[in-house]
Every structure is written in C-alpha cells, then in structure tokens.
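Reading through the structure tokens given below for one structure.
Values in this document were obtained by computation on a predicted structure and should not be read as measured data.
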Amino acid sequence: MDLDPPFYKAYKTLFDKTVDKANNINNKKNEEVLQQLVMVEECELPLINLGRLELGEKEREECMTEIARASQEWGFFQVVNHGISGELLHKMKSEQEKVFKQSFDKKRQEDKCLNFLSGTYRWGTPSATCLRQLAWSEAFHIPLNDTSATSASGVNYTLSSTMEQFATTVSSLALKLAEILAEKIGHKSTFFQENCFPGTCYLRMNRYPPCPIPSEVFGLMPHTDSDFLTILHQDQVGGLQLIKDDEWIAVKPNPEALVINVGDLFQAWSNNVYKSVQHRVVTNLQVERFSTAYFLCPSYDTVIQSCMEPSVYRKFSFGEYRRQVQEDVQKLGSKIGLPRFVV
C-alpha cells in the first residue's frame with residue numbers, strides 16, 4: 001500500500017532535468033550543497049508566556065509589548081500557556097497521523113473514502129516549472145465550518161471532534177492576539193471579530209514525507225502567508241526556517257509552544273508596522289514531519305485598508321488579493337504578494 005503521493009511519476013520531467021545535472025557533480029559537491037541549504041543556524045523564536053495577560057496591569061502591558069515587538073522585529077514568535085491543552089494537541093497529531101497513514105488512493109478520493117469535501121486533499125505543486133518550486137508535501141486544507149463534515153464512525157468521527165475542539169480554541173487565541181496587536185498601534189479594533197468567521201478561516205493539516213533529495217526539493221518553498229495571523233502546531237522533527245536579518249535561520253521546535261506568524265494582510269493593515277516574513281520548510285532524508293496550521297482570514301469581500309496614513313498600500317479586498325496571488329503563481333511559478341499593491 002503506497003502512502004506517499006507519486007512525486008516522481010507526476011513530476012518526472014522535472015526530476016529528469018535534475019538527474020542529468022546531478023550526474024555532472026560528484027558526491028562531495030552534493031554534500032556541500034546539502035549543507036548550505038539545510039544546515040542553517042538554529043535559533044529559538046521569542047518566547048512569550050501568555051499567562052501574564054491574566055496577571056496585573058503591569059505584567060499584562062509588558063506581555064502585550066513583547067508580542068508587538070516580536071511581530072515588528074521577527075514577524076514570528078512562540079507562545080506558551082496559550083490555552084490549548086497538551087492533551088488536545090497530542091490528540092490532534094495522533095488523529096492527523098491516522099488519516100495520513102491511509103493509502104494515497106484513499107486520500108485522493110477524500111470525498112468518497114474519507115468524507116472530506118472534494119478538493120480538501122492537496123499534494124505537490126501543479127504549477128511547478130522546476131524542482132525548487134515543487135512542494136514535497138501533502139495536506140488536507142479544511143475550512144473551519146467543514147471540520148464536522150467527516151463521517152459519523154471510525155477514525156473520521158474522532159478526527160472531526162478533535163478538529164472542532166482545536167479550531168474553537170485556536171480561533172479564540174488568534175482573535176485575542178490580533179486585538180492585542182491592533183491595540184499596540186493605537187487601534188482598539190473590533191475589525192477582526194467582525195470580519196474573520198469560521199466560514200472564512202481554515203485549518204491545514206500537513207505531512208512532509210521523507211525525501212531522497214533534500215538538497216533539491218523543499219517541503220514548502222519560500223513564501224509569506226496571505227492571511228492576518230497563522231498559528232502553527234508542529235512536531236519535534238524540525239524543518240521550519242525563516243528570514244531574519246537577510247539570512248535563513250532554522251526554528252528550534254519547542255514541545256510546549258505554538259508558533260505564531262504575521263501574514264500579508266496584517267502587514268498591510270498595520271501599514272508595515274508588523275512584518276509578514278518569508279519562511280519555508282526543508283525536507284528530511286529519513287523522517288516524516290507533521291504540522292497543523294490555523295489561518296485567520298476574512299471574507300473575500302472584506303476591504304483591507306491601512307489603519308494609519310500615509311498609506312503604503314492601496315485599498316484592496318481579500319478576494320482581489322487571492323486572485324492576484326493565484327494569477328502570479330500560475331504565470332510565474334511563485335507569489336509576488338504585497339508589492340503588487342503598493343501605492
């Protein structure tokens with residue numbers, strides 16, 4: 001039973017090009033390339049204890065300031081005492097693994113075999129024109145209002161219940177963090193509560209299979225997220241990397257923490273105060289990696305407008321932004337993003 005997507009078969013032309021090129025390079029050279037791409041410096045993201053928000057006013061204000069500073073300087077931070085129990089996080093990963101351990105044929109027939117909506121299961125990168133654009137990964141991409149759309153028996157019932165619990169708690173956390181970030185730039189805003197609903201936000205369960213050529217293929221190619229905030233629960237394998245001070249750094253996994261990152265919409269809304277930072281996932285030669293990401297998104301007709309003047313970006317709807325990103329990916333193989341919307 002084949003678990004992994006047929007990457008080699010589907011992208012044979014891209015692999016053949018790379019093999020021809022690799023035949024002209026000796027093994028030592030390949031090792032050097034691998035070291036350059038994967039063995040970047042590992043560091044710990046700013047770690048913020050959200051339990052301090054429930055203490056006195058001084059502690060609360062210091063905690064909020066740390067959240068804002070990390071969002072300005074890193075675009076990424078990690079949180080502990082976040083309100084999502086370790087038991088729920090463990091259960092989420094366990095149920096996620098069960099689904100991904102189904103055969104590839106079952107996964108690709110997600111609506112018939114797994115009772116997900118059609119189009120939920122995704123793998124690879126259909127628009128890739130070279131191996132550097134190929135995502136060596138598979139995912140279930142699930143709108144929050146569809147987390148209960150799985151079957152009423154067996155593994156999917158348990159997964160559905162777990163996803164609903166996870167989505168509910170993580171949604172509250174995302175809105176809390178968004179409001180803190182708004183308040184720290186002088187805007188006590190109900191914008192996020194009024195525009196980000198279960199029907200517009202989604203979960204993405206990811207699996208990164210072992211990859212025989214980690215020096216050539218990313219799990220996810222470098223990108224920024226097209227949302228307000230992303231909340232990530234990852235396992236201990238590692239592989240997440242981000243740009244800091246013009247260099248790639250590897251994020252050291254923390255079993256107690258959730259990783260938070262700022263998306264493009266928040267960078268535009270904050271007029272570049274908060275940074276949506278490029279990040280990627282590198283592949284692993286021997287070990288598979290699992291993660292679950294929550295994306296705080298508005299409805300497609302929501303207008304994104306800077307909360308201060310003069311505005312760096314023109315007004316645009318989320319739907320317009322998504323269409324432009326998809327168009328660029330189809331035409332160019334990669335996303336352009338916010339630079340398309342500069343005034």
Is it the case that the side chain of D225 and the backbone of D227 share a donor-acceptor pair, with hydrogens and angles ignored and the cut-off at 3.5 Å? no

Rounded at 0.5 Å granularity, tell me how far CZ in F77 sits from OG in S71. 4.5 Å

For E61, is there an ion pair with K184 - N to carboxylate O distance below 4.0 angstrom? yes

With a 3.5 Å cut-off and sequence neighbours excluded, list the donor-acceptor pairs that the side chains of residues 116-123 form with protein atoms.
unit_1 : atom_1 : unit_2 : atom_2 : d
T120   : OG1    : L117   : O      : 2.6
Y121   : OH     : E138   : OE1    : 2.4
R122   : NE     : G119   : O      : 3.4

When you look at T168 and S171, which way does the side-chain hydrogen bond (donor to acceptor under 3.5 Å, both in side chains) test go after all the steps? CA-CA 5 Å; T168 299; S171 295; over 6 Å; no

Is the shortest heavy-atom distance from the side chain of E66 to the side chain of P46 under 4.5 Å? no

Between H82 (side chain only) and E256 (backbone N and O only), is there a donor and an acceptor less than 3.5 Å apart? yes

With sequence neighbours left out, write down each residue that passes ring-ring contact (aromatic ring centres under 6.0 Å, His included) with H233, or none if nothing qualifies. none

Quick check: does any side chain N or O of N284 sit under 3.5 Å from a backbone N or O of Q286, one acting as donor and the other as acceptor? yes

Can you name the nearest heavy-atom pair linking P209 to E288, along with the distance? CA-CB, 4.3 Å

Between the side chains of E179 and Q193, is a donor N or O closer than 3.5 angstrom to an acceptor N or O? yes

Y294 and A174: which non-hydrogen atoms are nearest, and at how many Å? CE2-CB, 3.5 Å

Classify the ring geometry of F100 against F140: parallel below 30°, tilted from 30° to 60°, perpendicular beyond 60°. tilted

Quick one: do V217 and Y8 end up in the same hydrophobic cluster if we chain Ile, Leu, Val, Met, Phe, Trp and Tyr together by side-chain heavy atoms under 4.5 Å apart? yes

So does S127 get a backbone contact from the side chain of Q330, meaning a donor-acceptor N/O pair under 3.5 Å? no

Under 3.5 Å, side chain of T200 to main-chain N/O of F197, donor-acceptor pair present? yes

Interatomic distance, CG@L134 vs CE@M221, rounded to 0.5 Å, equals 10.0 Å

Take atom NZ of K106 as the centre, draw a 6.0 Å sphere, and report whether it contains more than 12 heavy atoms from other residues, nucleotides or ligands. no

State the OG-CZ distance between S334 and R132, to the nearest 0.5 angstrom. 13.0 Å

Enumerate the residue pairs fulfilling salt bridge (Lys or Arg N to Asp or Glu O under 4.0 Å) with a member in residues 325-343, sequence neighbours excluded, ordered by first and then second residue. D264-K335, E327-K331, D328-R340

Check: Q278 side chain, I243 main-chain N or O, donor-acceptor pair, under 3.5 Å: no

Give me the ring orientation class for Y274 and F266: parallel if the planes are under 30° apart, tilted from 30 to 60°, perpendicular past 60°. perpendicular

Do N261 and L232 have side chains that get closer than 4.5 Å, going by heavy atoms? no

Given the rule that I, L, V, M, F, W and Y join up when any side-chain heavy atoms are under 4.5 Å apart, are F228 and F318 in one cluster? yes

Residues, nucleotides or ligands: over 12 heavy atoms within 6.0 Å of E247 CD: no

In terms of relative ring orientation, are H187 and W269 parallel, tilted or perpendicular, with 30° and 60° separating the classes? perpendicular

Under a 3.5 Å threshold, yes or no: a donor from one side chain and an acceptor from the other, between T169 and S172? no

Looking at N271 and V312, would you say the former's side chain and the latter's main chain have a donor-acceptor pair under 3.5 Å? yes

Checking V281, L258, N206, V259 against Q234 for side chain to side chain contact (heavy atoms under 4.5 Å, CB included), the one that qualifies is V259

Looking at T125 and A135, what are the two nearest heavy atoms and their distance? OG1-N, 2.8 Å

Which word best sums up how the rings of H141 and Y202 line up, parallel for under 30°, tilted for 30 to 60°, or perpendicular for over 60°? tilted

Show the nearest heavy-atom pair for residues S137 and G219, with the distance to one decimal. OG-O, 3.1 Å

Which pair of heavy atoms, one from C201 and one from C196, lies closest together, and at what distance? SG-CB, 4.2 Å

Mind checking whether L220 and L131 sit in one hydrophobic cluster, side chains of I, L, V, M, F, W, Y counted as touching below 4.5 Å? no

Assigning hydrophobic clusters by single linkage (Ile, Leu, Val, Met, Phe, Trp, Tyr; side-chain heavy-atom cutoff under 4.5 Å), is M308 placed with F192? yes

Closest approach of T162 and E95, non-hydrogen atoms and distance? OG1-CG, 3.9 Å

Measuring from atom OG of S189 to atom CD of E194, what distance do you get when rounded to the nearest 0.5 angstrom? 7.0 Å

As an exercise, state the distance from CG of L53 to CD1 of I180, rounded to the nearest 0.5 Å. 4.5 Å

Could you tell me if the side chain of L159 sits less than 4.5 Å from the side chain of M205, heavy atoms only? yes

Evaluate the side-chain proximity of I67 to L50: yes if any heavy-atom separation is below 4.5 Å, no if none is. yes

Is it true that D105 and S103 share a donor-acceptor pair across their side chains at a distance under 3.5 Å? no

K93 and E97 ion-paired at < 4.0 Å: yes

Lys/Arg-Asp/Glu bridge criterion (N-O < 4.0 Å) met for K244, E41: no

May I ask you to decide if P210's main-chain N or O and W136's side chain share a donor-acceptor pair within less than 3.5 Å? yes

Can the ring centres of F316 and Y321 be said to be less than 6.0 Å apart? yes

Between S160 and T158, does a side chain to side chain contact (heavy atoms under 4.5 Å, CB included) hold up when you go through it step by step? CA-CA 5 Å; S160 171; T158 311; over 6 Å; no

Distance col, row T224:OG1 vs L338:CG, nearest 0.5 angstrom, shows 6.5 Å

Hey, is CD on E87 packed in by over 12 heavy atoms from elsewhere, all under 6.0 Å? no

With hydrophobic residues grouped by side-chain heavy-atom distances under 4.5 Å, do F7 and F290 end up in a single group? yes

Would the distance check show the side chain of K107 and the main-chain N or O of L3 forming a donor-acceptor pair, the cut-off being under 3.5 Å? yes

